[in-house]
Amino acid sequence: MPGETLLNQRYELVAQQGSGGMSVIYKALDRMLGRMVAIKILRPNLTKDPAFLDKFQQEARSVAMMSHPNIVTVHDVGSDGATHYIVMEMIEGNDLKKLIKARGGLPFDKALEYGIQICAGLGFAHRSQLVHADVKPQNILINREGVLKVTDFGIAQAFTDTMTQTRSDVVWGSPHYFAPEQARGESPTPASDVYSIGIVLFEMFSGRLPFVGSSQRELALAHIQGDIPKIKDFNADLPEDLSNVIAKVMSKRPNDRYKHADQLGHILQEIRERSRHSAQRTTSGRMAPPTVVGGQPAKRPAPAIPPQAPSYAAPAPRAPVPRRAAAPVPQASATSPQLPANPQASPAPPSPLLNPDGTINVEATGGYTGPFVPKRQAKGEGADIVTIILVILAFLAVAGLAPLYLLGVFPLL
């Protein structure tokens with residue numbers, strides 16, 4: 001029982017943390033290193049197949065070689081008799097599914113930030129030639145600092161590659177997030193993970209799943225044949241470009257989606273930048289409130305009024321000034337650019353990944369866009385620039401003193 005069970009005389013099982021169709025998760029103490037870890041023990045019905053165990057160990061070793069802030073670190077993989085397990089870092093916090101159940105749809109900025117972090121972790125895995133094959137909120141953990149970590153790599157992929165005869169007994173543990181090709185029994189690809197990310201995005205922004213069904217078969221048919229629901233029907237406040245992106249990644253055909261999570265991450269980050277710029281534009285266009293002095297708003301100075309001549313003084317005669325014809329006012333047309341409502345605010349810069357109407361620029365995103373690194377607030381950027389300038393000035397000063405030093409030394413020789 002937990003608390004008394006040891007794996008290989010090293011890992012002491014403390015308490016069960018959760019369970020799924022493929023494994024049971026325990027909180028455990030690593031007696032050798034004196035730290036708490038999470039141990040995922042495979043269910044016995046999976047460990048009877050030697051081919052699956054071999055594939056699982058290969059996948060686990062590949063995951064253990066990955067090091068990324070948005071992927072749960074794998075410390076060890078092994079077995080104790082008939083018990084096969086994988087040891088991972090312990091994440092103190094909740095999974096994304098529990099958060100969505102408790103709050104429903106998440107705030108726009110929070111959901112967008114979570115989506116960017118998910119793409120960062122899975123994009124790194126895709127560049128390492130790894131497919132998750134079971135992306136769902138239950139496999140996305142959130143630590144106390146608000147950092148998302150994708151977990152449960154390897155098991156679903158190993159199962160899909162080896163146990164085709166009994167796949168229906170286990171794979172249908174999370175049919176709400178499977179790509180259409182997975183529902184048809186085909187091998188998953190990075191584009192399959194992208195589809196699952198789209199389902200997670202839909203759930204985060206709307207608080208509900210796009211497809212529901214009373215049976216596993218109904219859910220499978222919904223993914224394969226069902227119309228893609230419009231997320232703006234459930235959250236009308238979403239930007240049109242984000243709605244289009246979610247619809248794209250939920251396309252039935254893999255070739256109609258983004259090929260890797262990196263591409264989706266670039267798009268989501270672009271949408272966030274445009275949203276922030278738009279918010280700053282709106283804020284800068286508002287009139288500043290009057291300054292408060294002594295608890296009362298300071299009175300704005302009255303505009304100066306030029307003194308008028310007394311009524312009894314006749315105005316001095318002035319030479320007539322010829323009037324100039326007023327310049328014609330250009331009429332607005334479909335092709336003429338419109339000035340922004342606030343002339344002091346600059347318009348949002350054009351996006352290379354999105355068309356002006358908010359739709360996806362297919363040509364710009366059709367190829368692999370390279371590693372995706374989420375943009376974060378850099379600390380000390382200004383200090384670094386100042387340091388570089390000071391070093392350059394110091395170098396120039398030393399170089400200028402060198403001739404004086406030589407002139408003072410040579411006469412002594």
- Message: Quick one, Tyr114 with Ile142, criterion side-chain contact (heavy atoms from CB on, under 4.5 Å). Give me CA distance, side-chain angles, the key distance, then yes/no.
- Response: CA-CA 9 Å; Tyr114 285 171; Ile142 309 174; 4.0 Å; yes

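- At least one donor-acceptor pair closer than 3.5 Å links the side chain of His132 to the backbone N or O of Thr151.
- Partners of Asp256 under the salt bridge (charged side-chain N to carboxylate O under 4.0 Å, His left out) rule, at least two apart in sequence or in another chain, are Arg253.
- Among residues two or more places apart in sequence or in another chain, the ring-ring contact (aromatic ring centres under 6.0 Å, His included) test is passed with His126 by none.
- Across all non-hydrogen atoms, the minimal contact from Leu6 to Arg31 is CD1-NH1, 3.4 Å.
- At a threshold of 4.5 Å between non-hydrogen side-chain atoms, the residues Lys252 and Ile224 do not count as touching.
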- Task: Decide yes or no on side chain to side chain donor-acceptor pair (under 3.5 Å) for Tyr11 and Asp76, but give the supporting numbers first.
- Result: CA-CA 11 Å; Tyr11 301 109; Asp76 189 17; 2.9 Å; yes

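- Residues passing the salt bridge (charged side-chain N to carboxylate O under 4.0 Å, His left out) test with Lys97 are Glu203, sequence neighbours excluded.
- Within the 3.5 Å criterion, the main-chain N or O of Arg272 finds no donor-acceptor partner in the side chain of Ser275.
- The minimum heavy-atom distance linking Ile231 with Ser243 is given by the pair CG2-OG, 3.7 Å.
- The two atoms that bring Ser23 and Arg43 nearest to each other are N-CG, 3.8 Å, heavy atoms only.
- Side-chain polar atoms of Glu113 and Gln117 form a donor-acceptor pair below 3.5 angstrom.
- With sequence neighbours excluded, no residue satisfies salt bridge (charged side-chain N to carboxylate O under 4.0 Å, His left out) with Arg217.
- Among the candidates Leu141, Val147, Leu148, the single residue satisfying the side-chain contact (heavy atoms from CB on, under 4.5 Å) test with Ile91 is Leu141.
- Residues Glu89 and Ile71 come closest through the heavy atom pair OE2-O, 3.8 Å.
- No donor-acceptor distance shorter than 3.5 angstrom exists from the side chain of Lys27 to the backbone of Leu13, with no hydrogens or angles considered.
- Residues Asp134 and Phe178 form a side-chain contact, since some pair of their non-hydrogen atoms from C-beta on lies under 4.5 Å apart.
- Residues satisfying the side chain to side chain contact (heavy atoms under 4.5 Å, CB included) test with His176, not counting sequence neighbours, are Leu209, Leu219.
- At least one donor-acceptor pair closer than 3.5 Å links the side chain of Asn244 to the backbone N or O of Glu240.
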- Run the salt bridge (Lys or Arg N to Asp or Glu O under 4.0 Å) check on Lys40 and Asp152 step by step: do they pass? CA-CA 9 Å; Lys40 183 165 290 189; Asp152 213 5; 2.9 Å; yes

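- Residues Leu33 and His75 have side chains not in contact (no heavy-atom distance under 4.5 Å, counting atoms from C-beta outward).
- Tyr85 and Asn8 share a donor-acceptor pair across their side chains, judged by distance under 3.5 Å alone.
- Here CG of Asp241 is found 10.0 Å from CD1 of Ile246. Values are rounded to the nearest 0.5 Å.
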- Given side-chain contact (heavy atoms from CB on, under 4.5 Å), test Leu130 with Val63 step by step and report yes or no. CA-CA 8 Å; Leu130 287 177; Val63 176; 4.1 Å; yes

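- Tyr26 has its side chain out of reach of Thr5: every pair of non-hydrogen atoms, C-beta onward, lies at least 4.5 Å apart.
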- Message: Applying side-chain contact (heavy atoms from CB on, under 4.5 Å) to Val194 and His260, what does each step give before you reach the verdict?
- Response: CA-CA 7 Å; Val194 170; His260 303 83; 5.7 Å; no

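- The stretch residues 219-229 participates, sequence neighbours left out, in these side chain to side chain donor-acceptor pair (under 3.5 Å) pairs: Tyr195-His223.
- Applying the 6.0 Å contact sphere to CD of Gln9 captures no more than 12 heavy atoms from other residues, nucleotides or ligands.
- Between Ala38 and Met90 the shortest heavy-atom distance is CB-SD, 3.9 Å.
- Between Phe234 and Pro229, the shortest heavy-atom contact is CE1-CB, 4.3 Å.
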